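One structure is given here, and the rest of the page talks about it.
Whatever order the structure lists them in is the order used to number ligands and atoms, beginning at 1. Note that the coordinates shown come from a computational prediction; the quantities given were computed from them, not determined experimentally.
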Amino acid sequence: MRTRHLAVLPAAVAATLLLAACGGGDDAASGEASEGGVELVTAGSLTVCTNPPYEPFEYEEDGEVVGLDIDIVREVADDLGVELVTKVTPFEGIQSGADLNTDNCDVVASGITITEERQAKIDFSDPYFDADQGLLVPEGSDLDSVESLEGRTVGVQQATTGETWATENGLETVQFEDLGLQIQALKTGQIDAAVNDIAVLGPFVSEGFEIGANFSTGEQYGLGVKKGNTALLDAVNGTLERIREDGTYDDIYTRHIGTAPASSTAEPSPSDG
Ligand code: ARG
């Protein structure tokens with residue numbers, strides 16, 4: 001529409017309108033930007049909300065957020081031909097759809113487990129990582145099962161599947177806003193054990209903790225976009241498919257996890273030796 005009107009305007013007026021359309025940083029926030037049919041909250045950038053510290057998926061290093069999730073969304077940004085911008089936000093707003101609905105970001109990438117409840121509020125990509133829950137305890141602790149946790153205080157991360165799991169198993173929980181605070185509380189003895197995704201507990205084993213138990217929950221991580229944003233969802237799934245096929249996913253996985261992915265890791269790619 002705008003283009004058709006421009007055609008009949010004097011050149012100088014048209015030029016002014018064009019400049020206004022291109023230059024306004026504020027315009028971008030209203031969802032005007034478009035990259036190959038994909039609308040982005042800020043022109044020229046893929047804005048991603050994430051909740052570090054959650055090593056190896058998202059954590060800060062030299063003032064920058066890095067990790068497996070970040071490397072994957074960088075591939076999405078590259079395929080769209082835009083810059084990747086990461087925004088650190090509480091996990092609660094990431095998993096509730098609030099960050100997406102308020103245009104705080106285009107994509108949520110935060111080790112998010114695809115659940116039925118969340119699917120009502122977020123559109124998820126194809127799964128890209130398999131996860132289970134784990135129990136982190138002080139070295140030498142005898143806590144190693146649900147039963148052993150009876151009468152103990154278990155730290156969980158707020159609004160996560162670990163919190164749901166602990167509550168469903170009748171455990172007495174204390175909530176923490178992020179993994180860092182949860183681990184801090186375990187260090188100071190405020191909690192007896194911490195439940196979170198098993199893959200993020202490993203880095204603490206060398207710090208006087210051990211894995212007390214692995215609770216097999218069969219979770220899968222997905223990237224999230226605003227409900228109904230099929231153009232962006234298709235782009236994200238397209239990138240996931242590409243990086244599965246060209247080996248980029250295996251490289252990213254191996255770099256951050258330390259071993260090559262098992263062929264069963266979320267959506268297996270056709271084996272090519
Ligand atoms: N996978 C769990 C969930 O979806 C925990 C994710 C927490 N992620 C994070 N970056 N803090 O609830």
What is the nearest protein non-hydrogen atom to atom 5 (C) of ligand 1, stated with its residue, atom name and distance?
Tyr54 OH, 3.2 Å

Can you tell me if Thr50 and Glu58 form a side-chain donor-acceptor pair at under 3.5 Å?
yes

Ring centres under 6.0 angstrom apart (Tyr54, Phe91)
no

Look at ligand 1 and say whether Phe57 reaches it with a heavy atom at a distance under 4.0 Å.
no

So which protein heavy atom does atom 6 (C) of ligand 1 come closest to, and at what separation?
Gly111 O, 3.2 Å

So, Gln175 versus Glu163: side-chain donor-acceptor pair below 3.5 Å or not?
yes

Can you name the atoms of ligand 1, numbered from 1 with element, that are less than 4.0 Å from a heavy atom of Gln157?
7 (C), 11 (N)

Arg118 touching ligand 1 at heavy-atom level, < 4.0 angstrom
yes

Should you measure from each heavy atom of Tyr221, which atoms of ligand 1 turn up under 4.0 Å away?
1 (N)

Could an N or O of ligand 1 be found under 3.5 Å from any N or O of Glu219, whether backbone or side chain?
no

Is it true that atom CD of Glu83 has more than 12 heavy atoms of other residues, nucleotides or ligands lying nearer than 6.0 Å?
no

Is Arg244 salt-bridged to Asp250, cutoff N-O under 4.0 Å?
no

Protein heavy-atom partner closest to atom 12 (O) of ligand 1 - residue, atom, separation in Å:
Thr161 N, 2.8 Å

Distance only, no hydrogens: is a donor on one side chain within 3.5 Å (strictly under) of an acceptor on the other, for Asp246 and Thr248?
yes

Identity and distance of the protein heavy atom lying nearest atom 8 (N) of ligand 1
Ser110 O, 2.7 Å

Of all the atoms in ligand 1, which lie at a distance below 4.0 Å from a heavy atom belonging to Ile112?
4 (O)

Side chain, backbone, both or neither: the part of Gln95 lying under 4.0 Å from ligand 1 by heavy atom
neither

Does even one non-hydrogen atom of Asp197 get within less than 4.0 Å of ligand 1?
yes

To the nearest 0.5 Å, atom CG of Asn169 lies from atom OG1 of Thr164 at 11.0 Å

Taking only Lys NZ, Arg NE, NH1 and NH2, and the carboxylate oxygens of Asp or Glu, determine whether Asp123 and Lys226 approach each other closer than 4.0 Å.
no

Between Thr160 and ligand 1, does any nitrogen or oxygen pair lie at a separation below 3.5 Å?
no

One pair to check against salt bridge (Lys or Arg N to Asp or Glu O under 4.0 Å): Lys87 and Asp99. What are the steps and the verdict?
CA-CA 10 Å; Lys87 269 194 192 175; Asp99 281 312; over 6 Å; no

